[in-house]
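This report concerns only the one structure given below.
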Amino acid sequence: MKCRICQENITPFMTYGRMPIANGFLLPDQFENEYFFNLTPAFCDKCLTFQIEEQPDPKLMFHDQYAFFSRTSVHMQRHFKAYADWVYDNHLKGDSPFVVELGSNDGIMLENFAKRGIRHLGVEPSANVAEEARRHGVNTIVRFFGPETASEIVEEYGQADALLAANVMCHIPDLNGIAKGASALLKQDGVLIFEDPYLGSMIEKTSYDQIYDEHVFIFSALSVANIFGPHGFELIDLLKQETHGGSMRYVLARKGARSVSAAVTKILADEKAQGLHLSETYDSFRERCEASKARLVRLLQDEKAAGRRVVGYGATSKSTTILNYCGIGPELVEFISDTTPIKQGKFTPGMHIPVKPYSAFAENYPDTALLFAWNHKAEIMEKEKAFTEGGGKWLTHIGED
Ligand code: JHZ
Ligand code: ZN
């Protein structure tokens, strides 16, 4: 395959096998025509970008029935308020600033600007979540972002002070198009700020479930510098985040337009110390993924042999990779409880485990809960004291238990 960023020839270092659409929760009459692709990650040792080889057509993933609503976690609502406040305090200096967000989902971040009366615009391709954003007073257009959308926005609103994204940039295969769009959209001293699950954390924790159809890239600072550098941008700041099991916030500006924080040099050096620039790192990651799979299947089989009920907690996108890679179906996990109405009453992609409302968990505790939403552990442990204190056991695939 060719690297999506620098066109170098690269080879996947492993396969997770046949995968369905990670958020493609479905009904039995759709099982027969379910879409599958091969999930094969690759690392480019020229531009240092971690990516997947094949990504399904975006229209199969982002549409008017998109199943992920950001508002389902109160911790994430707090996080996005803090993110918005930080942008406001540090990067919106001028008069009547204008902020644009890519993939603004249900408006969880932009509503914080809307409440302050800041000029803002969300660009969101999934109509149903965009509708929810509008209900929260967030000005939203239903579109994919690129150079064309950027020039239309400039024509209508003028150039932007900040272009933001959260858990979106890593979904977009044509980052060169995004970089061109960002360049057209941003003022001379404007900033491009985004955060995504961090490659360094994924390698450290073997949290391979970050890899699924939507996540075409898992970024490091090294790769982000190489992706946006050729478009005239440089990293001016980096901030580690606790969200999604370990994320990184990248701040970029036109070269020379802003001063560069010491965090940039420090984190780039840390990444080299961790070996994120070396292909050997990904070979040992593959071995740890295989060991993680064997461990999880063994644990679940032991639970079954002991006659214990296992229920999944959180029908995450990430769980699609775990379930399909490990071959875990309803014989090992009775159902998955999830608070998102659009997922309830449906079945998980590929392995077809029923997804049930939270009440199915709360009203009939299983012996063991397999925590697929492990990134929301603090919030969930707080909520589930009764289960834990009553002897309920928690399992995760990342060997933290
Ligand atoms: P959660 C999503 O991934 C999708 P997912 C996306 N592709 C992305 O990039 C990442 O976010 C960053 C439920 N839940 O946040 C709600 C409960 O049932 O780990 C959600 O369905 N009870 C855009 O899907 C799921 O779990 C709870 O108490 O892997 C969590 O999904 C809580 C807190 C959540 O993201
Ligand atoms: Zn490359």
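When a ligand or atom number is given, it counts from 1 through the structure's own listing order. This one's a predicted model, so the numbers in the text were calculated from it and none came from an experiment. One is the number of the first residue; the rest follow in order along the sequence.
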Where does the angle between the aromatic ring planes of Phe194 and Tyr250 fall among parallel (under 30°), tilted (30 to 60°) and perpendicular (over 60°)? tilted
Does the cation-pi check pass for Arg18 over Phe37, that is, NZ or CZ under 6.0 Å from the six-membered ring centre and within 45° of its axis? no
Show your reasoning for whether salt bridge (Lys or Arg N to Asp or Glu O under 4.0 Å) applies to Arg71 and Glu111. CA-CA 12 Å; Arg71 264 171 223 281; Glu111 70 175 345; 3.3 Å; yes
Considering Ile380, Asp338, Val168, Leu371, which one's heavy-atom position lies nearest to atom 16 (C) of ligand 1? Asp338
In this structure, does ligand 1 have an atom that sits under 4.0 Å from one of the heavy atoms of His171? yes
Nearest-0.5 Å distance, OG1 of residue Thr316 to NE2 of residue His244: 10.5 Å
Identify the protein heavy atom lying closest to atom 35 (O) of ligand 1, giving its residue, its atom name and the separation to 0.1 Å. Phe68 CE1, 3.4 Å
Provide, to 0.1 Å, the distance between atom 23 (C) of ligand 1 and the closest protein heavy atom, together with that atom's residue and name. Tyr66 OH, 3.5 Å
Give the numbers and elements of all ligand 1 atoms closer than 4.0 Å to a heavy atom of Asn375. 1 (P), 15 (O), 19 (O)
Listed protein N/O/S atoms, distance to the Zn ion (ligand 2) under 2.8 Å: Cys3 SG, Cys6 SG, Cys44 SG, Cys47 SG
I need the atoms of ligand 1 closer than 4.0 Å to a non-hydrogen atom of His376, numbered in the order shown. 1 (P), 15 (O), 19 (O), 30 (C), 33 (C)
Atom 7 (N) of ligand 1 sits nearest the protein heavy atom Glu214 OE1, 2.5 Å
State whether Tyr83 and Arg249 meet the cation-pi test: NZ (Lys) or CZ (Arg) under 6.0 Å from the six-membered ring centroid, and within 45° of the perpendicular axis. yes
Does Ile52 reach the side chain of His215, with side-chain heavy atoms less than 4.5 Å apart? no
Could you tell me how the ring of Tyr282 sits relative to the ring of Phe43: parallel (under 30°), tilted (30 to 60°) or perpendicular (over 60°)? parallel
Using a 4.0 Å cutoff against the non-hydrogen atoms of Gly314, which atoms of ligand 1 qualify? 26 (O)
Relative to ligand 1, is Phe69 under 4.0 angstrom through side chain, backbone, both or neither, heavy atoms considered? neither
Mind checking side chain to side chain donor-acceptor pair (under 3.5 Å) for Asp270 and listing every partner two or more places apart, or none if nothing turns up? Lys266
Below 4.0 angstrom from a heavy atom of Lys318, which ligand 1 atoms are there? Numbered from 1 as shown, please. 1 (P), 5 (P), 19 (O), 29 (O), 35 (O)
In Å and rounded to the nearest 0.5 Å, what is the CZ to CD1 distance from Phe144 to Ile178? 10.5 Å
Which residue and atom name correspond to the protein heavy atom nearest atom 31 (O) of ligand 1, and how close is it? Thr316 CG2, 3.5 Å
Can you tell me which portion of His244 lies within the under-4.0 Å heavy-atom range of ligand 1? Options are side chain, backbone, both, or neither. side chain
At under 4.0 Å between heavy atoms, is it the side chain or the backbone of Thr340 that contacts ligand 1, or both, or neither? side chain
Would you check whether Phe372 reaches within less than 4.0 Å of ligand 1, judged by its heavy atoms? no
Would you check if there is a donor-acceptor pair between the side chains of Ser73 and Glu379 at a distance under 3.5 Å? yes
How are the rings of Phe68 and Tyr66 set relative to one another: parallel (under 30°), tilted (30 to 60°) or perpendicular (over 60°)? perpendicular
May I ask which of Pro197, Ser337, Pro357, Ser317 has a heavy atom nearer to atom 4 (C) of ligand 1 than the others do? Ser317
Residue part near ligand 1, for Lys343, under 4.0 Å between non-hydrogen atoms: side chain
Using side-chain heavy atoms (C-beta onward) and a distance below 4.5 Å, is Phe50 in contact with Phe13? yes
Close side-chain approach of Ile342 to Gln65, heavy-atom, < 4.5 Å: yes
Near Lys383 (heavy-atom distance under 4.0 Å), the atoms of ligand 1 are 27 (C), 28 (O)
Salt-bridged, Lys293 to Glu290, with N to O below 4.0 Å? no
With heavy atoms of Tyr212 as the reference, note each atom of ligand 1 found under 4.0 Å away. 2 (C), 3 (O), 4 (C), 6 (C), 7 (N), 8 (C), 9 (O), 10 (C)
With the side chain counted from C-beta on, respond yes when Tyr365 and Glu384 share a heavy-atom pair under 4.5 Å apart, and no when they do not. yes
Counting C-beta onward and ignoring hydrogens, is there a side-chain heavy-atom pair between Arg119 and Ser96 closer than 4.5 Å? yes
Using a 4.0 Å cutoff against the non-hydrogen atoms of Thr72, which atoms of ligand 1 qualify? 16 (C)
Quick note on ligand 1: atoms under 4.0 Å from a heavy atom of His215 include exactly 7 (N), 8 (C), 9 (O)
Considering only protein heavy atoms, which is closest to atom 17 (C) of ligand 1, and at what distance to one decimal place? Thr339 OG1, 3.4 Å
